[in-house]
2 protein chains.
Amino acid sequence: MPEPLYRQLAERLRARIDAGDLRPGDQIPSEAELGEEFGVSRNTVRLAVTALANEGLIESRAGRGTFVRQRRTVTVLHPLDPSGVPPGPKDAFKSTLEREGVKPTQENFRVEFRRATAEVAARLGIEEGDRVVVRRMDRLVDGEPWSRQESFYPVEIAEGTELMSPDDIPRGTIRVLKENGHAQVGFRDEINCRMPTRDESGFLGSPPGVPVLELFRVAYSEERPIRLTITVYAGDSTQFAYEVGDVSARGETGRGSRDREDG
Amino acid sequence: MPEPLYRQLAERLRARIDAGDLRPGDQIPSEAELGEEFGVSRNTVRLAVTALANEGLIESRAGRGTFVRQRRTVTVLHPLDPSGVPPGPKDAFKSTLEREGVKPTQENFRVEFRRATAEVAARLGIEEGDRVVVRRMDRLVDGEPWSRQESFYPVEIAEGTELMSPDDIPRGTIRVLKENGHAQVGFRDEINCRMPTRDESGFLGSPPGVPVLELFRVAYSEERPIRLTITVYAGDSTQFAYEVGDVSARGETGRGSRDREDG
DNA sequence: AAGTGGTCTAGACCACGGG
DNA sequence: CCGTGGTCTAGACCACTTC
């Protein structure tokens with residue numbers, strides 16, 4: 001048997017988008033129109049549209065229509081400095097992203113107490129159920145939701161410090177830890193990829209079919225784990241990078257030259 | 001309005017799985033049975049089942065039934081040695097995974113010439129359309145498909161070397177490069193996350209809703225980029241890790257103690 | 001032969017968004 | 001108000017797997 005109708009339709013739509021016939025931000029024909037144009041039922045059209053939405057290629061907005069998604073990829077180059085202290089006066093988030101030429105902002109700071117889940121406890125070297133301090137915030141680039149971060153601290157480390165204030169700490173939390181006798185000497189990153197929860201999908205503004213990149217970073221002092229940071233990024237607009245050793249042969253920055261055409 | 005029916009159904013099914021009522025490998029009730037049990041049409045059941053399949057929680061096999069997926073996560077700890085030469089006599093893939101306690105195998109080795117795409121050319125510092133040598137293979141852990149790798153070499157580097165042979169090179173390709181005067185002194189990793197193509201989804205044996213983790217690694221000698229390796233991993237059974245600086249406070253290996261219960 | 005999921009139709013009603 | 005996508009029904013035929 002040949003390809004099913006809904007996949008043929010999906011491929012035709014994909015071709016129109018790839019060819020630039022439909023451009024990012026454009027509205028695609030309504031489901032009724034597509035059904036008529038291809039001589040299939042609306043349900044079949046929906047199978048095709050859903051498939052493309054699940055790849056993050058298009059996005060439906062109830063009551064309005066279906067549009068070609070525009071995605072810009074931001075590369076996060078994770079510096080390999082074991083101390084984690086950023087070079088300038090700003091925190092790592094701002095210094096990393098400003099180098100990428102985008103405008104980073106943070107909002108919705110919150111600080112709360114929680115019980116450590118097994119996942120958190122294992123990484124912080126504490127017992128499941130122990131109390132932990134959680135700092136969380138949302139991060140935007142150029143005004144659009146981009147990632148959501150939660151940092152877990154053992155109570156003894158965070159209590160009584162600036163870390164308890166539900167506000168931005170412009171110089172960065174790593175400096176605060178250091179000032180309080182918990183200098184970071186190393187860290188371990190774990191990177192996962194999964195489908196978003198409904199919460200995440202809502203916040204990130206990505207259609208439910210777009211995966212998320214999840215970064216677990218455990219920071220260590222010489223004595224103990226001092227922090228676990230879990231950050232969830234929109235998968236289709238984020239890329240991580242690590243540079244090891246001598247990469248001077250890489251030449252120009254490269255990645256920045258994607259399609260900046262402004263002045 | 002309350003939650004739509006298909007989402008209620010999806011949540012009930014998810015609850016059964018989370019509770020251990022339905023265990024990995026188990027077959028879930030057929031679509032007809034679920035429709036009768038919940039008093040909804042088969043199409044509505046399919047919406048629920050599709051949603052869970054898109055999260056990688058269950059998997060449908062035509063003609064047979066729908067089953068709870070079993071997933072095991074393999075952690076790839078990327079060593080930060082700039083030379084890339086693995087410690088033992090084996091290549092990096094085998095030495096990394098054997099440390100994880102699983103059995104790595106490789107198959108379907110192929111070597112071919114191709115024209116560099118823009119993506120490849122930019123990373124190798126060559127011109128789009130230049131000829132490149134591509135070595136590719138499939139990788140399995142414990143006999144199950146796990147990742148597919150393609151390595152791109154500028155022709156001048158690969159031609160006339162052992163790299164042209166479509167076979168495993170047990171001591172690792174990095175050693176071969178070094179023997180031919182292209183010692184690696186650094187590398188850059190770029191990590192993406194996206195939905196699989198149909199090919200990939202087929203090979204990896206993951207339902208089409210499970211994302212893939214994609215690793216671009218560019219290796220550099222002192223003079224130039226010598227290789228680009230693109231590896232695509234099943235997203236729901238792979239995790240990357242990087243350890244920087246002193247992480248001795250991490251204590252025991254941790255990650256290995258998941259649920260090994262053999263003796 | 002019987003049961004499964006895969007595909008497809010032709011309807012229906014709804015909430016939402018914009019003129 | 002009307003067009004949009006979101007949800008839902010009640011059928012149908014098919015290919016494939018298992019017995």
Side-chain angles (χ1 to χ4, degrees), chain A residues 1-13 17 22 25-69 196 198 201-202 205-210, chain B residues 1-13 17 22 25-69 196 198 201-202 205-210:
Chain A
M1 287 300 95
E3 283 279 285
L5 287 176
Y6 77 91
R7 266 201 233 120
Q8 293 180 37
L9 212 179
E11 289 316 308
R12 305 266 297 256
L13 281 176
I17 293 169
L22 290 166
D26 283 359
Q27 180 168 10
I28 74 173
S30 74
E31 295 176 351
E33 286 170 343
L34 286 172
E36 195 162 352
E37 179 180 349
F38 291 92
V40 299
S41 78
R42 192 182 150 214
N43 278 344
T44 300
V45 172
R46 277 184 69 75
L47 280 179
V49 167
T50 302
L52 295 183
N54 276 353
E55 295 175 26
L57 205 61
I58 60 180
E59 178 179 13
S60 297
R61 276 170 280 191
R64 287 203 269 168
T66 301
F67 302 83
V68 180
R69 260 171 78 77
R198 263 162 73 58
S201 164
S206 47
V210 172
Chain B
M1 286 298 94
E3 283 279 283
L5 286 176
Y6 78 92
R7 267 201 231 120
Q8 293 180 36
L9 212 177
E11 288 317 307
R12 305 266 298 255
L13 281 176
I17 293 170
L22 289 166
D26 283 358
Q27 180 169 10
I28 75 173
S30 73
E31 295 177 351
E33 285 169 345
L34 286 172
E36 196 162 352
E37 179 180 348
F38 291 92
V40 298
S41 77
R42 192 181 150 215
N43 278 345
T44 300
V45 172
R46 278 184 69 77
L47 280 179
V49 166
T50 302
L52 294 183
N54 275 355
E55 295 176 25
L57 205 61
I58 60 180
E59 178 178 15
S60 297
R61 276 168 280 190
R64 287 202 270 169
T66 301
F67 303 83
V68 180
R69 260 170 78 77
R198 264 163 69 60
S201 165
S206 47
V210 172

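In what follows, every chain begins at residue 1, and chains take the letters A, B, ... in the order their sequences are listed. Quantities reported herein were computed from a predicted structural model and do not represent experimental measurements.
Using a 4.0 Å heavy-atom distance criterion, Arg61(B) is classed as a sugar-phosphate-only contact.
Look at CG on Leu9(B): it is 14 Å from P on dT7(D), rounded to the nearest Å. When the C1' atom of dC14(C) is taken as reference, atom CD of Glu3(B) falls 16 Å away, rounded to whole Å.
Every side chain to side chain contact (heavy atoms under 4.5 Å, CB included) that Ala10(A) has, sequence neighbours left out, goes to Ala48(A), Leu52(A). Remark: Arg7(B) pairs with Glu3(B) by the salt bridge (Lys or Arg N to Asp or Glu O under 4.0 Å) rule, at least two apart or across chains.
Here the side chain of Ser41(B) is nearest to one of dT9(C), dG6(D), dC8(D), namely dC8(D). Here the nucleotide nearest the side chain of Glu33(A), chosen from dT4(D), dA10(D), dG5(C), is dT4(D).
Residue Arg7(B) places at least one side-chain N or O closer than 4.0 Å to OP1 or OP2 of dT7(D). For Ser30(B), a side-chain nitrogen or oxygen approaches OP1 or OP2 of dT4(C) to under 4.0 Å.
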Please tabulate, for side-chain N and O atoms in residues 57-65 of chain B, each donor-acceptor pair with protein atoms closer than 3.5 Å (sequence neighbours left out).
unit_1, atom_1, unit_2, atom_2, d
Glu59(B), OE1, Arg69(B), NH1, 3.4
Ser60(B), OG, Thr66(B), OG1, 3.0

Distance-only check: which donor-acceptor pairs under 3.5 Å involve side-chain atoms of residues 32-39 of chain A, not counting sequence neighbours?
unit_1, atom_1, unit_2, atom_2, d
Glu33(A), OE1, Ser30(A), N, 3.0
Glu37(A), OE2, Arg16(A), NH2, 2.5

Distances under 3.5 Å between nitrogen or oxygen atoms of protein and nucleotides 17-19 of chain C:
none

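Within residues 43-60 of chain A, the residues approached by DNA chain C to less than 4.0 Å at the level of any non-hydrogen atom are Asn43(A), Thr44(A), in residue-number order.
Summarising the geometry, atom CD1 belonging to Ile28(A) is positioned 6.5 Å from atom CD1 belonging to Ile17(A); distances are rounded to the nearest 0.5 Å.
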